[in-house]
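Counting from 1, the numbers follow the sequence of the chain as shown.
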Amino acid sequence: MKNTSCPHISFDFSGRFLPPVYISVFIIGLVANGWGLKSLLQNWKKLGNVNIFVLNLGLTDILYLLTLPFLVVYYFMKSQWIFGQVFCKITRFCFNLNLYGSIGFLTCISVYRYLAIVHPMRAMGRITVTHSVIISVMVWLLVSVQSLPDMFYIKTYSKPTGNTEKCFDTTDRSFVESYLKYSLGWTLTGFCVPLLITLGCYGHVIVVLCRALSDKSCFVC
C-alpha cells in the first residue's frame, strides 16, 4: 500500500474571516437599527399596536450587537477568550435572546397582521397597546426561560499546559449528548412552533386575499 500524507488543515480561517464579518455586522447593525428606531418613533402612531413588537425587535438586535466587539477580540486572538467564564455565558445568552426573541416578535407581528386582514371587525378596538406590552413581556420571559438552562452548561475550556481558554457556542464535548437533547427541545419550541404559526397565518391571509380578488373579478364580469 502506498503511503500518502494527509493535507495540512488550517484552523486559522475563523480568525481571518470572522472578525471582519463581525465588525461589518456591528457597524451596519448599529446604523440600521438606530435609523429604524428613529423612524419608528417618528411614525409611532401610524404603525398602530405593531410598533411595540417592532421596538422590541430592535432591542433584541442591539442587545446582540453590543457583544460583537468581544467576539472580534476573541477571534483576533485566535480563539483565546480573556473575559472570563461568566461573560462568555452572558455573550451566548444575549445571542440566544436575539435569535429566539426575534423569532417570537416576528411571530407576534404575523398574528397581528393576520387578525387585521382576516378578522378586521373582530380585532378592531379589542387589541390595545396594553395587550401588546403584556404579550411582549411574555415573549421576553418565555425566551429567557428557554435560554436559561444553556447558562448551566460549561462554556469555557482551559488547557492544562497553558492559559488558552475557549468560549463554546454550545458546551464542552463531555456534555454534548445532554446538550443535544436540550437543544432539540429548544429548537422545537423556539423555532418550529413559531414557524408553523407564521406559515399558518400568512397561508390563511393568502387564501382570503385570493378569494377576495376572485369575487371581485366575478362581480366585474
Side-chain angles (χ1 to χ4, degrees), residues 9-110 112-113 132-133 136-137 139-144 146-148 150-151 153 155-157 163-171 183 186-187 190-191 194-195 198:
I9 300 176
S10 176
F11 293 96
D12 295 332
F13 173 75
S14 59
R16 295 195 303 266
F17 175 73
L18 290 180
V21 172
Y22 283 150
I23 291 173
S24 301
V25 171
F26 179 73
I27 296 173
I28 296 173
L30 280 183
V31 173
N33 279 279
W35 189 9
L37 291 176
K38 179 182 177 182
S39 177
L40 174 66
L41 295 176
Q42 291 175 344
N43 300 278
W44 186 263
K45 294 183 179 180
K46 296 180 181 179
L47 294 175
N49 295 326
V50 176
N51 54 16
I52 302 295
F53 300 131
V54 176
L55 175 63
N56 283 277
L57 197 60
L59 293 178
T60 59
D61 288 340
I62 293 176
L63 184 65
Y64 174 62
L65 288 173
L66 295 178
T67 67
L68 289 181
F70 302 98
L71 294 178
V72 170
V73 174
Y74 175 56
Y75 288 108
F76 259 135
M77 298 183 64
K78 298 181 179 179
S79 299
Q80 295 185 35
W81 186 257
I82 61 174
F83 304 106
Q85 180 180 2
V86 174
F87 199 74
C88 172
K89 291 185 176 183
I90 291 175
T91 56
R92 302 309 182 190
F93 184 72
C94 289
F95 170 78
N96 294 325
L97 286 182
N98 165 250
L99 177 61
Y100 292 98
S102 299
I103 293 173
F105 290 117
L106 287 173
T107 303
C108 292
I109 293 174
S110 302
Y112 267 48
R113 290 305 184 198
S132 299
V133 172
S136 297
V137 172
V139 170
W140 280 110
L141 289 176
L142 179 61
V143 172
S144 298
Q146 288 177 322
S147 305
L148 191 60
D150 182 67
M151 299 282 285
Y153 283 92
K155 291 291 183 183
T156 55
Y157 170 75
N163 297 323
T164 302
E165 192 170 28
K166 304 292 182 182
C167 181
F168 300 122
D169 295 328
T170 54
T171 187
S183 61
W186 194 6
T187 302
F191 173 74
L195 176 62
T198 302

Quiz item: Where do Gly29 and Leu65 come nearest, in terms of heavy atoms and distance?
Solution: C-CD1, 3.4 Å
Quiz prompt | From Asn56 atom CG to Ser136 atom OG, the distance as rounded to the nearest 0.5 Å | solution = 4.0 Å
Self-check item: Validation row: Asn98, Ile62 side chains within 4.5 angstrom (heavy atoms)
Solution: no
Exercise. Write out all pairs satisfying salt bridge (charged side-chain N to carboxylate O under 4.0 Å, His left out) with one or both partners inside residues 93-105, taking only residues at least two apart or from two chains.
Key: none
Self-check item: Donor-acceptor under 3.5 Å (Arg113 side chain, Val50 main chain)
Solution: no
Quiz prompt | Heavy-atom pair with the smallest gap, counting every atom of Val72 and Pro19 | solution = CG2-O, 4.1 Å
Practice problem: Identify the two heavy atoms, one from Lys166 and one from Trp81, that lie closest to each other, and give their separation to 0.1 Å. | Solution: C-CB, 4.3 Å
Quiz prompt | Heavy-atom closest pair, residues Leu97 and Ser144 | solution = CD2-OG, 3.9 Å
Exercise. Drop me the distance from Cys88's SG to Ile82's CD1, to the nearest 0.5 angstrom.
Key: 12.5 Å
Quiz item: Which distance, rounded to the nearest 0.5 Å, do you find between the CG of Leu141 and the CG of Leu148?
Solution: 11.5 Å
Quiz item: Are Ile109 and Val54 close enough that some pair of their side-chain heavy atoms sits under 4.5 Å apart?
Solution: yes
Quiz item: What residues form a ring pair (Phe, Tyr, Trp, His ring centres under 6.0 Å) with Tyr112, not counting sequence neighbours?
Solution: Phe53
Practice problem: Could you go through the side-chain contact (heavy atoms from CB on, under 4.5 Å) check for Thr198 and Leu106 one step at a time? | Solution: CA-CA 8 Å; Thr198 302; Leu106 287 173; over 6 Å; no
Practice problem: Output, in order, the C-alpha distance, side-chain angles, deciding distance and verdict of side-chain contact (heavy atoms from CB on, under 4.5 Å) for Phe95 and Thr67. | Solution: CA-CA 8 Å; Phe95 170 78; Thr67 67; 5.9 Å; no
Quiz item: Under the 3.5 angstrom rule, does the side chain of Ser39 hit a backbone N or O of Gly36 as a donor-acceptor pair?
Solution: no
Quiz item: Once you round to the nearest 0.5 Å, how far does OG1 of Thr187 lie from OH of Tyr100?
Solution: 4.0 Å
Exercise. Indicate yes or no: at least one non-hydrogen side-chain atom of Ser183 is less than 4.5 angstrom from one of Thr170.
Key: no
Quiz item: CZ/Phe93 to CG/Leu63 distance, rounded to the nearest 0.5 angstrom?
Solution: 8.5 Å
Practice problem: Check Ile103 against Pro194 and note the closest heavy-atom contact, atom names and distance. | Solution: CG2-CB, 3.6 Å
Practice problem: Let me know which of Phe83, Tyr22, Phe26 forms a ring-ring contact (aromatic ring centres under 6.0 Å, His included) with Phe70. | Solution: Phe83
Quiz item: Nearest 0.5 Å, what's the CG-SG distance between Leu71 and Cys167?
Solution: 7.0 Å
Exercise. Could you tell me whether the side chain of Lys89 and the main chain of Met151 form a donor-acceptor pair under 3.5 Å?
Key: yes
Quiz item: Looking only at atom types and distance, does a side-chain atom of Lys155 sit under 3.5 Å from a main-chain N or O of Thr171, one as donor and one as acceptor?
Solution: no
Practice problem: Taking all heavy atoms of Thr60 and all of Ser102, pick out the closest pair and write down the distance. | Solution: OG1-OG, 3.4 Å
Quiz item: Under the ring pair (Phe, Tyr, Trp, His ring centres under 6.0 Å) test, which residues partner Trp140, sequence neighbours left out?
Solution: Phe105
